[in-house]
Engineer: 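Okay, here's the structure, questions in a sec.
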2 protein chains.
Amino acid sequence: MNLRRLETFLAIVDAGTVTAASVYLQAGQPALTKQLKALESELGLQLFDHESNRLHLNAAGREVLPMARHIVQCVNEMKSSVQLITSNRHAS
Amino acid sequence: MNLRRLETFLAIVDAGTVTAASVYLQAGQPALTKQLKALESELGLQLFDHESNRLHLNAAGREVLPMARHIVQCVNEMKSSVQLITSNRHAS
DNA sequence: CATGCTTACGGATCACGTAACCATG
DNA sequence: CATGGTTACGTGATCCGTAAGCATG
């Protein structure tokens, strides 16, 4: 399980398309497509309908989404806490 | 930020030594040492005292520990939920 | 035919395992 | 000197970006 893939998943959901997410993340579309496929493969679960030429979040994706958000949020909070620790360490 | 590194961190704390953690994780000591160093480098923060020939969790490590545990726990819960989803999917 | 996703492929980076080394109790 | 951690190094896997291809509205 890779955090980068979860962040990519969230970015694609929030941006609406892989293309828009790639602009936001300053990465190439192919990279995001492959990360998403890797995530779906790893979970053994399709998160989007890949049938049309646009991706659509499916039922499973909607169930996984809040958990992925929570994990990424916790990671960001940990990063903030670490920065706080180092700041206090320097202040003391 | 890599989840594998957090899991390694927890394993080292729980097992007490890198050696014991490497047995538990079925990996080599060098790999765990390097993952730990990578994590500390990434956070910009020493989590252990590296002075003796045994690692000792320091104050910063004790602060980060519960957050790391929470993140890993959330990831495991997500994995379980995904398995549940796929089970139900197969049942229906 | 414009938009958006996917696949192919080459290069770079990362991660591991074996082996050798260093430090401490 | 036994135990535990670290460094060196070569190999295998992973990831990305460019380029090309495919599908749909």
Side-chain angles (χ1 to χ4, degrees), chain A residues 1-62 64-65 68 71-72 75 79, chain B residues 1-62 64-65 68 71-72 75 78-79 82:
Chain A
M1 173 65 57
N2 195 337
L3 276 174
R4 195 173 198 85
R5 291 174 184 167
L6 291 184
E7 291 169 347
T8 296
F9 171 50
L10 297 185
I12 292 174
V13 170
D14 292 339
T17 68
V18 173
T19 302
S22 75
V23 173
Y24 174 68
L25 295 177
Q26 296 182 329
Q29 292 94 341
L32 302 195
T33 292
K34 281 180 280 188
Q35 282 178 25
L36 178 59
K37 278 184 78 71
L39 178 61
E40 289 179 329
S41 169
E42 190 178 354
L43 296 177
L45 190 64
Q46 296 281 108
L47 300 170
F48 291 89
D49 292 332
H50 294 248
E51 289 145 11
S52 113
N53 69 339
R54 301 266 305 222
L55 293 182
H56 291 286
L57 198 64
N58 63 22
R62 278 188 292 273
V64 171
L65 181 56
I71 291 168
V72 170
V75 170
K79 287 181 188 173
Chain B
M1 173 65 56
N2 194 336
L3 276 174
R4 194 172 199 84
R5 291 173 184 167
L6 291 183
E7 290 170 347
T8 296
F9 171 50
L10 297 185
I12 292 173
V13 171
D14 292 340
T17 68
V18 173
T19 302
S22 76
V23 173
Y24 175 68
L25 295 177
Q26 295 183 329
Q29 291 95 339
L32 302 195
T33 292
K34 280 180 280 189
Q35 281 177 26
L36 178 58
K37 280 183 77 72
L39 178 60
E40 289 179 329
S41 169
E42 189 178 356
L43 297 177
L45 190 64
Q46 295 282 107
L47 300 170
F48 291 89
D49 292 331
H50 293 248
E51 289 146 11
S52 113
N53 69 338
R54 301 264 308 218
L55 293 182
H56 289 287
L57 198 64
N58 64 21
R62 278 189 291 273
V64 172
L65 181 57
I71 291 167
V72 170
V75 170
M78 192 180 83
K79 287 181 188 172
V82 166

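This one's a predicted model, so the numbers in the text were calculated from it and none came from an experiment. Basis for what follows: all heavy atoms, side chains included, without hydrogens, waters or symmetry-related copies. Convention: sequence-line order gives letters A, B, ...; per-chain numbering from 1.
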Engineer: By the 4.0 Å heavy-atom rule, please label A:Lys37 as base, sugar-phosphate, or nothing.
Structural biologist: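 Counting heavy atoms under 4.0 Å across all strands, the contact made by A:Lys37 is with sugar-phosphate only.
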Engineer: If you measure from CE on B:Met1 to CG on B:Leu6, what distance do you get to the nearest 0.5 Å?
Structural biologist: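 So the gap between those two atoms works out to 5.5 Å.
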Engineer: May I ask you to evaluate whether B:Gln35 reaches the phosphate of C:dC16, defined as a side-chain N or O under 4.0 Å from OP1 or OP2?
Structural biologist: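 Affirmative; the distance criterion is met.
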Engineer: Please evaluate residues B:His50 and B:Glu40 with respect to the criterion side-chain contact (heavy atoms from CB on, under 4.5 Å), reporting the C-alpha separation (whole Å), side-chain torsions for both, the decisive distance (0.1 Å), and the verdict.
Structural biologist: CA-CA 12 Å; B:His50 293 248; B:Glu40 289 179 329; 3.0 Å; yes
Engineer: Mind calculating the distance between CZ (B:Arg4) and P (C:dC14) to the nearest angstrom?
Structural biologist: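 Rounding to the nearest Å, CZ of B:Arg4 and P of C:dC14 are 16 Å apart.
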Engineer: Donor-acceptor pair, B:Arg62 side chain versus B:Leu57 backbone, under 3.5 Å?
Structural biologist: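 Flag set: sc B:Arg62 to bb B:Leu57 pair under 3.5 Å.
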Engineer: Measure the NZ-OG1 distance between A:Lys34 and A:Thr8 for me, rounded to the nearest 0.5 Å.
Structural biologist: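 A:Lys34 atom NZ to A:Thr8 atom OG1 measures 12.5 Å (nearest 0.5 Å).
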Engineer: Using whole Å, what does the distance between atom P of nucleotide C:dG4 and atom CG of A:Leu36 come to?
Structural biologist: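 These atoms are roughly 17 Å apart.
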Engineer: Whether A:His50 contacts C:dT6 is assessed here as follows: a side-chain N or O lying under 4.0 Å from the phosphate OP1 or OP2. Is that the case?
Structural biologist: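 Yes.
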Engineer: Between atom CG in A:Asn2 and atom C1' in C:dC14, what is the gap in whole Å?
Structural biologist: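 Going from CG in A:Asn2 over to C1' in C:dC14 covers 12 Å.
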Engineer: Look up atom CD in A:Glu7 and atom CZ in A:Phe9, then write down how far apart they are to the nearest 0.5 Å.
Structural biologist: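 Separation between the atoms: 13.0 Å.
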Engineer: How close or far is atom C1' of C:dA15 from atom CD of B:Glu42, stated in whole angstroms?
Structural biologist: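 It is 14 Å, rounded to the nearest whole Å.
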Engineer: Using only side-chain N and O atoms of A:Thr17, determine if any of them is under 4.0 Å from OP1 or OP2 of C:dG4.
Structural biologist: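 False: A:Thr17 side-chain N/O out of range (4.0 Å or more) of C:dG4 OP1/OP2.
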Engineer: Let me know the distance between CD of A:Glu51 and C1' of C:dG4, rounded to the nearest Å.
Structural biologist: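 For the pair A:Glu51 CD and C:dG4 C1', the rounded distance is 16 Å.
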Engineer: Just compare C:dA15, C:dA23, C:dG17 and give me whichever is closest to any side-chain atom of B:Asn53.
Structural biologist: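 Between C:dA15, C:dA23, C:dG17, the one nearest the side chain of B:Asn53 would be C:dA23.
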Engineer: Quick one: does any side-chain atom of B:Asp49 pair with a main-chain N or O of B:Glu51 as donor and acceptor, under 3.5 Å?
Structural biologist: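 No, because the side chain of B:Asp49 does not come within donor-acceptor range (under 3.5 Å) of the backbone of B:Glu51.
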Engineer: From the set C:dG4, C:dT24, C:dA15, return the single nucleotide nearest to any side-chain atom of A:Arg54.
Structural biologist: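 Nucleotide nearest to A:Arg54's side chain: C:dG4.
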Engineer: When rounded to the nearest 0.5 angstrom, what distance separates CZ in B:Arg4 from CG in A:Leu3?
Structural biologist: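 B:Arg4 CZ to A:Leu3 CG: 13.0 Å, rounded to 0.5 Å.
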Engineer: Closest nucleotide of DNA chain D for B:Ser52 versus for B:Lys34: which of these residues is on the 5' side?
Structural biologist: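 Its nearest nucleotide lies further toward 5', so the answer is B:Ser52.
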Engineer: Using a heavy-atom cut-off of 4.0 Å to chain A, what are the terminal contacting nucleotides of DNA chain D, in 5' to 3' order?
Structural biologist: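 Taking any atom under 4.0 Å from a heavy atom of chain A, the span is D:dC15 to D:dG25.
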